Amino acid sequence: MLNFVTPELQDREWIQEIVAGTENRGSDLAFGNIYLLRNKYDTKICRYEDFFIRKYNGLWRLGYTFPIGEGDMEAALHELEEYVAGTGEPLNFCMLTEEQKSLLEEIYPGRFIFSCNEGDTDYVYLSEELANLAGRAYHKKKNHVLRFMRTYENVDLRPITGENKEDAWTVEERWHHAHQEQANYSQMAERNAIWEALQNMEDLGLMGAVLYVEDVPAAMTIASRINGDTCDIHFEKVNDEYAVSGGYSVINQLYARQLTDYKWINREEDIGIEGLRKAKLSYHPKLFIQKYSARSRV
């Protein structure tokens, strides 16, 4: 019998072990996201043999995820089907990759109606390209970086540690204050997640950096490993004064230069915001990870 529970910090080890054995680079599989956004999406998790399954019951995510792991996939799906039947709920799925969608259609032909929200699509980049900004495609980005370096002196990127995590929070505080008029539930959920992330960096397996300008914290980023070759950027904030001078291009490039252990960088979805979509496309992603929902016909 499956047992879905709220994720806790001690679940990180077994979840990361299962995810590491896959080639799935989706940001929703980063343990940092699973744990930090558990309240926003009312996330529940379950282990079935060597499979990992999630259940979402939030405003933006609703349904079960395809089992992740090694073993008898059909048996895992049938176990999930039996569990859901006992709840009286329909067997609906969310956050399906293209491959998972195809497998679901193959195992349950004609049973599901599929849909895709483009705002859920992950943007995945080659870390080498973000670090170097080489070639004509990145000419504007490189100019943004050069302009920032000409405008400010003593620009320094430092890893987030116990000694300077308050500086990372200072960036978020200033960013939040500047954008209070646009604050909504999603923004407040992100703010709470950033606070919790900074309090539990080590336990969550997170890493990050603060960008200083003349020793003043100007920007920050928090990231973590998804699998062996992919890093996920969870949060990236730049205070307005520095943002207009190219601060996002600067922290993007400088932090990518530190991610030499990763081939790919997932910069997550655009959540349907046109300006965010334009910004993500301007960095020329190499992969798009589309996410599908599946609604049961019965």
Side-chain angles (χ1 to χ4, degrees), residues 25 27 119 121-160 164 167-179 182 187 190 194 197 206-224 230-288:
R25 300 184 176 91
S27 61
T121 299
D122 281 353
Y123 294 73
V124 185
Y125 308 81
L126 282 169
S127 60
E128 183 180 6
E129 291 189 357
L130 295 187
N132 296 327
L133 299 180
R136 294 182 62 182
Y138 291 101
H139 181 69
K140 288 185 178 180
K141 298 298 182 186
K142 184 168 284 188
N143 281 343
H144 291 164
V145 174
L146 291 173
R147 181 180 66 182
F148 192 93
M149 296 304 185
R150 286 196 299 266
T151 303
Y152 303 105
E153 296 182 356
N154 299 327
V155 177
D156 184 23
L157 188 72
R158 307 172 197 168
I160 294 177
N164 71 344
D167 290 343
W169 181 247
T170 294
V171 173
E172 163 59 23
E173 285 271 71
R174 291 174 179 169
W175 187 94
H176 175 72
H177 180 75
H179 296 83
Q182 298 87 39
Q187 185 174 311
E190 180 186 63
I194 290 173
L206 300 174
M207 52 193 174
V210 178
L211 181 72
Y212 294 88
V213 176
E214 296 288 350
D215 283 332
V216 174
M220 71 87 173
T221 186
I222 298 175
S224 74
T230 309
C231 179
D232 181 65
I233 305 297
H234 297 293
F235 310 109
E236 186 179 81
K237 294 294 178 72
V238 179
N239 291 149
D240 284 0
E241 172 194 345
Y242 305 102
V244 297
S245 301
Y248 278 104
S249 296
V250 173
I251 194 167
N252 189 325
Q253 181 186 35
L254 294 184
Y255 195 59
R257 287 179 176 177
Q258 296 188 0
L259 299 176
T260 55
D261 290 341
Y262 302 94
K263 179 179 180 180
W264 303 100
I265 296 177
N266 186 324
R267 293 188 60 81
E268 301 194 349
E269 61 279 299
D270 60 42
I271 57 177
I273 299 175
E274 190 59 36
L276 196 52
R277 179 172 298 169
K278 183 177 179 181
K280 289 179 183 291
L281 288 172
S282 71
Y283 276 98
H284 309 290
K286 286 293 180 288
L287 300 173
F288 293 96

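Residue indices begin at 1 and follow the sequence shown. Remember, it's a predicted structure, so these values are computed and weren't measured experimentally.
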Does the side chain of [Y] come within less than 4.5 Å of [X]'s, by heavy atoms?
X: L259; Y: M207; answer: yes
X: Y152; Y: S245; answer: yes
X: V213; Y: N154; answer: no

Output every pair passing salt bridge (charged side-chain N to carboxylate O under 4.0 Å, His left out) with a member in [range], not counting sequence neighbours, ordered by first then second residue.
range: residues 246-269; value: E236-R267
range: residues 207-224; value: R158-D215
range: residues 123-148; value: E129-K286

Study note, to complete from the structure: Taken in chain and number order and not counting sequence neighbours, the residues that satisfy ring pair (Phe, Tyr, Trp, His ring centres under 6.0 Å) with H139 are none
Exercise for review: Apply ring pair (Phe, Tyr, Trp, His ring centres under 6.0 Å) to Y123 and list each qualifying residue two or more places apart in sequence or on a separate chain.
Suggested key: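 Here the qualifying residues are F288.
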Could you pull out the closest heavy-atom pair between [X] and [Y], with the gap in Å?
X: I160; Y: T221; value: CD1-O, 3.6 Å
X: A209; Y: I251; value: O-CD1, 4.5 Å
X: D232; Y: S27; value: OD1-CB, 3.2 Å
X: F148; Y: G246; value: CD1-C, 3.9 Å
X: P217; Y: R174; value: O-NH1, 3.6 Å
X: A218; Y: Y242; value: CB-CD1, 3.4 Å

Practice item. For E173, enumerate each residue passing the salt bridge (Lys or Arg N to Asp or Glu O under 4.0 Å) test, keeping only those at least two apart in sequence or located in another chain. Key: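 So E173 forms a salt bridge (Lys or Arg N to Asp or Glu O under 4.0 Å) with R191.
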Point to revise | Polar contact flag, side-chain donor to acceptor under 3.5 angstrom, N164-Y212 | key: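 There is such a pair (donor and acceptor under 3.5 Å, judged by atom type) between the side chains of N164 and Y212.
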Point to revise | Under 3.5 Å side-chain donor-acceptor pair for N266 and T230 | key: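 No.
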Review point. With distance as the sole test, does Y125 use its side chain to make a donor-acceptor pair with the main-chain N or O of K280 at under 3.5 Å?
Key: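 Yes.
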Review point. Please walk me through it: do L206 and H234 pass side chain to side chain contact (heavy atoms under 4.5 Å, CB included)?
Key: CA-CA 9 Å; L206 300 174; H234 297 293; 3.8 Å; yes
Exercise for review: Could you please spell out the steps behind the side chain to side chain contact (heavy atoms under 4.5 Å, CB included) verdict for S282 and Y138?
Suggested key: CA-CA 8 Å; S282 71; Y138 291 101; over 6 Å; no
Just how far is it from atom [atom1] of [X] to atom [atom2] of [Y], taken to the nearest 0.5 Å?
X: L157; Y: Q253; atom1: CG; atom2: CD; result: 11.0 Å
X: H144; Y: M149; atom1: NE2; atom2: CE; result: 14.0 Å
X: L211; Y: D167; atom1: CG; atom2: CG; result: 11.5 Å
X: T170; Y: W175; atom1: OG1; atom2: CH2; result: 15.5 Å
X: I222; Y: Y255; atom1: CD1; atom2: OH; result: 9.0 Å
X: C231; Y: I265; atom1: SG; atom2: CD1; result: 6.5 Å

Review point. Just one of I194, V238, N239 clears the side chain to side chain contact (heavy atoms under 4.5 Å, CB included) bar with M220, so which one?
Key: I194
